[in-house]
Amino acid sequence: MAVVKPFLCVRPETSVASKVAALPYDVYNRAEAKAEVEREPLSFLKIDRAETGFPDEVDTYAPCVYERARELLYGMVANGIFVQEKVPCYYVYELTMDERTQTGIVACSSIDDYAANVIKKHENTRAEKEEDRVRHVETCDAQTGPIFLAYRSRADINAVVAEAKTEPPLYDFTAIDGIRHMAWRISKKEQVKTLEEAFAQVPETYIADGHHRAASAVRVGFKRRGENSNHEGNEPYNYFLSVLFPDEELMIMDYNRVVKDLNGLSEEAFLERIKKDFEVRTVGSEPVQPGKKGEFGMFLSDCWYLLTTKRIPCGDPVEDLDVSVLQDTLLGPVLGIGDPRIDKRIDFIGGIRGLSELSRRCHTDMKVAFSMYPTSIEELFQVADAGRLMPPKSTWFEPKLRSGLFIHKLS
């Protein structure tokens, strides 16, 4: 069962929260991150991506970059931009995008639950990305970006959330991208007790987004545990910062594909070849957003097509995913994309960019595009429950959690 605890939060003073809150560090390249920090000097991105404070020739992963992150963080604590809570609390964190709201609990999850697979994963991590965040957490002595977890909804947790939201919010602002962010503190003893006991009845939680941050936080936690001869088990490093959302409120967007060429085939030969595995219907100029599982939109030479798979579901949670169907019956055998993780001929476009981005890419550097029906949260759960991994770029979650609103110190 899940251990989900309140914690002593370091957080922005209310009046500056909207300026501090930043999108996750990994949605920017270096130039974009630097431009964002120049636009908003209080942005937490200057801590998450401290190389923005150095000339471009300074390596992103140089020791001085991590030291700068620490200096900036504790400088902001010293000057009152960040405040330290006096008692352990939970928080309600609500995000609203396009009139759709999702509401989670900010808390700390257990590194032991991660190791024991009570916290389930569906992606592998890359060593270099993991190492970067290990060094950031270790140097800052804090976890600064929350891990996005999901769980199957429970009425008792929902009731505490609803009650907490009757109080005045701690934060309420709309970010520059139009996402509204609201937060409430949960510090009443009876509410804290109810939440802790309710989560103790949750058999598993799932990493929706943030596998690298989670793995890094866990590595640091076990390292500190090994270094502490007086380890007791309740030290802050035994837990990592997370926001837990009920499954019924989450939305996964489509994660679309664009490919550079037709693998030596003419357009006529390509269209004829894919008819072996798909029903192919010409649509025309109107973009195709698939309406159900097993459907795919395709854009080729200024024309949209609707593809419907002929493949019969086999009951395997990974093989039955639409991203697997497209890879196994078209991208691999027809277009020669053997390993989409490393093949330079394929790129992936998050659904937040819209279908117009697919046609734009096909008019610039790509030849053919595929729009996907979104993977469902239940499909994610099924893959994780089976101890399997999702194919690359299977899920795109929106809206993104902001970094810098909630910080978990490790000592």
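These numbers come from a predicted model, not from an experiment. The chain is numbered in sequence order, starting from 1.
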Looking just at side-chain N and O atoms, do S376 and E378 make a donor-acceptor pair shorter than 3.5 Å? no
For S371 and D254, which I'm curious about, is there any donor-acceptor pair between the side chains at under 3.5 Å? no
Verify whether one side chain among Q382 and D385 offers a donor that lies under 3.5 Å from an acceptor in the other. no
Quick test of your reading of the model: are E36 and R39 salt-bridged, counting only N-O distances below 4.0 Å? yes
Can you tell me how far CG of D132 sits from OG1 of T60, rounded to the nearest 0.5 angstrom? 8.5 Å
Using only atom types and a distance under 3.5 Å, with no angle test, would you say the side chain of S324 pairs donor to acceptor with the backbone of V318? yes
Does K34 form a salt bridge (charged side-chain N to carboxylate O under 4.0 Å, His left out) with D56? I'd like the steps, not just the answer. CA-CA 10 Å; K34 195 165 191 174; D56 290 346; 3.3 Å; yes
Taking the six-membered ring of Y28 as reference, does the cationic atom of R49 (NZ for Lys, CZ for Arg) lie under 6.0 Å from its centre and within 45° of its axis? no
Using ring centroids (six-membered ring only for Trp), state whether F278 and F296 fall under 6.0 Å. yes
Among F245, F381, F148, F397, exactly one meets ring pair (Phe, Tyr, Trp, His ring centres under 6.0 Å) together with Y206. Which residue is that? F381
Hey, does the Lys NZ or Arg CZ of R402 hover above the aromatic six-ring of F173, less than 6.0 Å from the centre and inside 45° of the axis? no
Say whether, by atom type as modelled, one donor and one acceptor occur between the side chain of D320 and the main chain of C314 under 3.5 angstrom. yes
Just by modelled atom types, is the Y239 backbone N or O under 3.5 Å from a matching donor or acceptor in the Q143 side chain? yes
Could you go step by step and tell me if R360 and E357 meet the salt bridge (charged side-chain N to carboxylate O under 4.0 Å, His left out) rule? CA-CA 5 Å; R360 187 192 73 79; E357 179 67 7; 2.9 Å; yes
Would you check if the side chain of K19 reaches a backbone N or O of E40 as a donor-acceptor pair within less than 3.5 Å? no
Check F406, Y171, W184 against Y91 for a ring pair (Phe, Tyr, Trp, His ring centres under 6.0 Å) and give me the one that passes. F406
Do D48 and T144 pair up side chain to side chain, a donor and an acceptor below 3.5 Å, judged on atom types alone? yes
Mark yes or no for whether R361, through its side chain, and M366, through its backbone, hold a donor-acceptor pair below 3.5 Å. no
Within 6.0 angstrom of K310 NZ, more than 12 heavy atoms from elsewhere: yes
Indicate whether any N or O donor in one side chain lies under 3.5 Å from an N or O acceptor in the other, for T329 and R311. no
Give a yes or no on whether the backbone of P146 and the side-chain of R213 come within a donor-acceptor separation of less than 3.5 Å. yes
Between F370, W304, Y305, which is the residue that forms a ring pair (Phe, Tyr, Trp, His ring centres under 6.0 Å) with F299? W304
